[in-house]
Number of protein chains: 2
Amino acid sequence: MAKRVLKHAILGLLRKQDMSGYDITSEFTKEISQFWSAKHSQIYTELKKLLDEKLIEQYIEISGVKLEKKMYTLTEEGKKELAQWLMHPEQIPETEKDTFALKVYFIQYIPEEKILPLFQDQLDQREQKLSELKSRYQLIFAQREEEIGLGSDELGHYLVLTKAISREESYVDWLKKSIRFIRQKR
Amino acid sequence: MAKRVLKHAILGLLRKQDMSGYDITSEFTKEISQFWSAKHSQIYTELKKLLDEKLIEQYIEISGVKLEKKMYTLTEEGKKELAQWLMHPEQIPETEKDTFALKVYFIQYIPEEKILPLFQDQLDQREQKLSELKSRYQLIFAQREEEIGLGSDELGHYLVLTKAISREESYVDWLKKSIRFIRQKR
DNA sequence: TTGTACATGTAATTCGTTACATGATTAT
DNA sequence: ATAATCATGTAACGAATTACATGTACAA
C-alpha cells in the first residue's frame, strides 16, 4: 500500500483554514516547500480523490463578478484521518535522493580540472539558499523564540525553518571540507 | 524533458566494471543507496532502454550449469554520455522531501503528549543510522585519509560516506535542539 | 532436501512533471 | 489596453513501487 503523503499534506493545510486548490498550490511555494511540494495538476487531482473519500467537502465562493472559487473544508473524517497520520511514527527512508552526491560517488570519472568548479558551483548555490533561509529566520523569529507557544501555529513554522537551515549548513560544511580535502590532494 | 537520473547512475556503475542487472540492484543496497536507489523491476526496464539507445551492450555469462547471466558493458557512446552528465552542474532542488519534517510543520495538531515520543522515535532511528555509518567509516577510512588518491575509486566512496554522516549528524542535532525547545515550553 | 541467495522478467498501479487548454480579476 | 496574477482543469508521459511470475545455484 502506498503512503499518500500528498493526501495528508493537503489535509494538514486545510486543518488550519479552508482553501482552494490554488491556495494550496501557493502554500507549496512557501516554507513547507523545503520538505514537500506538488504541482497544481497533481493537487486538483488529489482534491477530487479526497472528495470521493469524504475527507473534505467543497463549497463555492464568488470572487469579483463571476469567478467561482472552489473552497475545500475538512470533514470530521478528514480531521480524524489527519490526526491518525500525524500520530503514526515515520520509518526513516533508506535513501534520500541527491543527484549531486550521486555524481560525487563517480568523481573518479570527472576530469580533474572540472571537479573543483562543480563543487564551487554547488557551494555557491547552497550558500545562497542558506542566506535566504537565515534572512527569513531573522525577519520572523530572531529575538522572540520565547514567545512561540506549544500550541501556536508558529511552532511548526519555526521548527521546519530551523531544520532547513540546519540541513543547508551541514551541506555547506561538507562541501567546504570536501573542497579542502580535494585541494590538499593535488 | 526528464532528468533520467537512474540512467546515469547505471552508466556510472558500469563505468567501473561490467555488471548484470542483479549486480546493479545489489550496488543500490550499498553506500550509494544513501543517495540513490531503485528496485530490480525498474533497473531491468532501464537496461533495455539503454540497450536501445546503444549506450550499453549485452553479453551472456554462464553460471554453474545453465544459468545465463546477462552482463552489460558500456559502449563508447555510453562513456561519452556519462562524462557529459558528470560535467554538467546540478541545480539544487527547491524541495527535498521529508515526511517527518512535514509532520512537524503540522505539530500544532498533534496531541501534546504524543509530540516528544514522536521526536524521540526519530532520534533513536537517526542515531542508530549514524552509528552504523560511523562504524563503516572507522572500518574503511579511519587513520588513512591521506592514502586516498585523487583518481582512486575510494575517493567517491569516502566523500559520500562523509556526506551521509554529516547529514545524519545535522538531523540528530536538530532533533535534540527541537526536543529541548519543546520541553522548555511545557 | 530445503532454504537462501542468485537471477530475470512483466503487469498493474501510483506518484509526479510537463504540456495543453481556458477563462476571470486586478493593477498599471 | 495589457500584462501579471488568480483560478481550474485534462492529457500525456515518465519515474517509481508493489505484486505477480519463474527458474537456477549453492551451502547446510
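Within every chain, numbering begins at 1; the chains are lettered A, B, ... in the order of the sequence lines, protein sequences first and strands thereafter.
The base of C:dT18 lies close enough to the side chain of A:Ser41 for a donor and an acceptor atom to sit less than 3.5 Å apart. One cannot find a donor-acceptor pair under 3.5 Å joining the base of C:dT8 and the side-chain atoms of B:Ser20.
Which of C:dT17, C:dG16, C:dG9 sits closest to the side chain of B:Lys70 comes down to C:dG9. For A:Tyr22, taking side-chain heavy atoms from C-beta onward, the closest of the listed nucleotides C:dT18, D:dA7, C:dA7 is D:dA7. Comparing C:dC15, C:dA7, D:dT17 against the side chain of A:Gln42 picks out C:dC15 as the nearest. Nearest nucleotide to the side chain of A:Arg4, out of C:dT8, C:dT25, C:dC15: C:dC15. For A:His40, the listed nucleotide lying nearest its side chain is D:dT10; candidates were D:dT10, D:dA7, C:dA7. With D:dT17, C:dT25, C:dG16 as the candidates, the nucleotide lying closest to the side chain of A:Lys66 is C:dT25.
The distance from atom CD of A:Glu61 to atom C1' of D:dC6 is 14 Å, rounded to the nearest whole Å. Protein atom NZ of A:Lys49 is 11 Å distant from nucleotide atom C1' of C:dG16, rounded to whole Å. Here D:dA7 presents its P atom at 12 Å from CD1 of A:Ile24, a figure rounded to the nearest Å. The interatomic distance linking B:Glu94 (CD) with C:dG16 (P) rounds to 14 Å, in whole Å. With rounding to whole Å, A:Leu102 atom CG is found 15 Å from D:dA15 atom P. Rounding to whole angstrom units, CG of residue A:Leu67 and P of D:dG9 are separated by 11 Å. D:dT24 atom P lies 11 Å from atom CD of B:Glu68, rounded to whole Å. Whole-Å rounding puts the A:Phe28 CZ to D:dC6 P distance at 17 Å.
Residue-to-nucleotide proximity on DNA chain D shows that, of A:Lys48 and A:Lys69, the 5′-proximal contact is made by A:Lys69. Nearest-nucleotide positions on DNA chain C for B:Ser63 and A:Ser63 put B:Ser63 closer to the 5' end.
Contact check, B:Tyr44 against C:dG9: no side-chain N or O comes under 4.0 Å of OP1 or OP2. The side chain of A:Lys39 contributes no N or O atom lying less than 4.0 Å from OP1 or OP2 of D:dT8.
With hydrogens and angles left out, the side-chain atoms of B:Asp23 and B:Tyr72 include no donor and acceptor closer than 3.5 Å.
Under 4.0 Å is where a charged nitrogen must lie from a carboxylate oxygen, and between B:Arg4 and B:Glu53 at least one such pair does. Residues A:Glu154 and A:Arg144 are paired through a salt bridge, judged by an N-O separation under 4.0 Å between the basic side chain and the carboxylate.
The aromatic rings of A:Tyr158 and B:Phe181 lie parallel to each other, their planes meeting at an angle below 30°, with 60° marking the opposite boundary. A perpendicular orientation is assigned to the rings of B:Phe100 and B:Trp174, their planes being inclined by more than 60° (bins at 30° and 60°).
When heavy atoms are screened at a 4.0 angstrom cut-off, A:Ser26 is found touching no nucleic acid atom at all. Within the nucleic acid shown, A:Val65 comes within 4.0 Å of sugar-phosphate atoms alone, with no base atom in reach, counting heavy atoms only. If you check every strand for non-hydrogen atoms under 4.0 Å, A:Lys97 touches sugar and phosphate atoms only.
Nearest heavy-atom pair, B:Leu150 versus B:Leu155, reported as atom, atom and distance to 0.1 Å: O-CD2, 3.4 Å.
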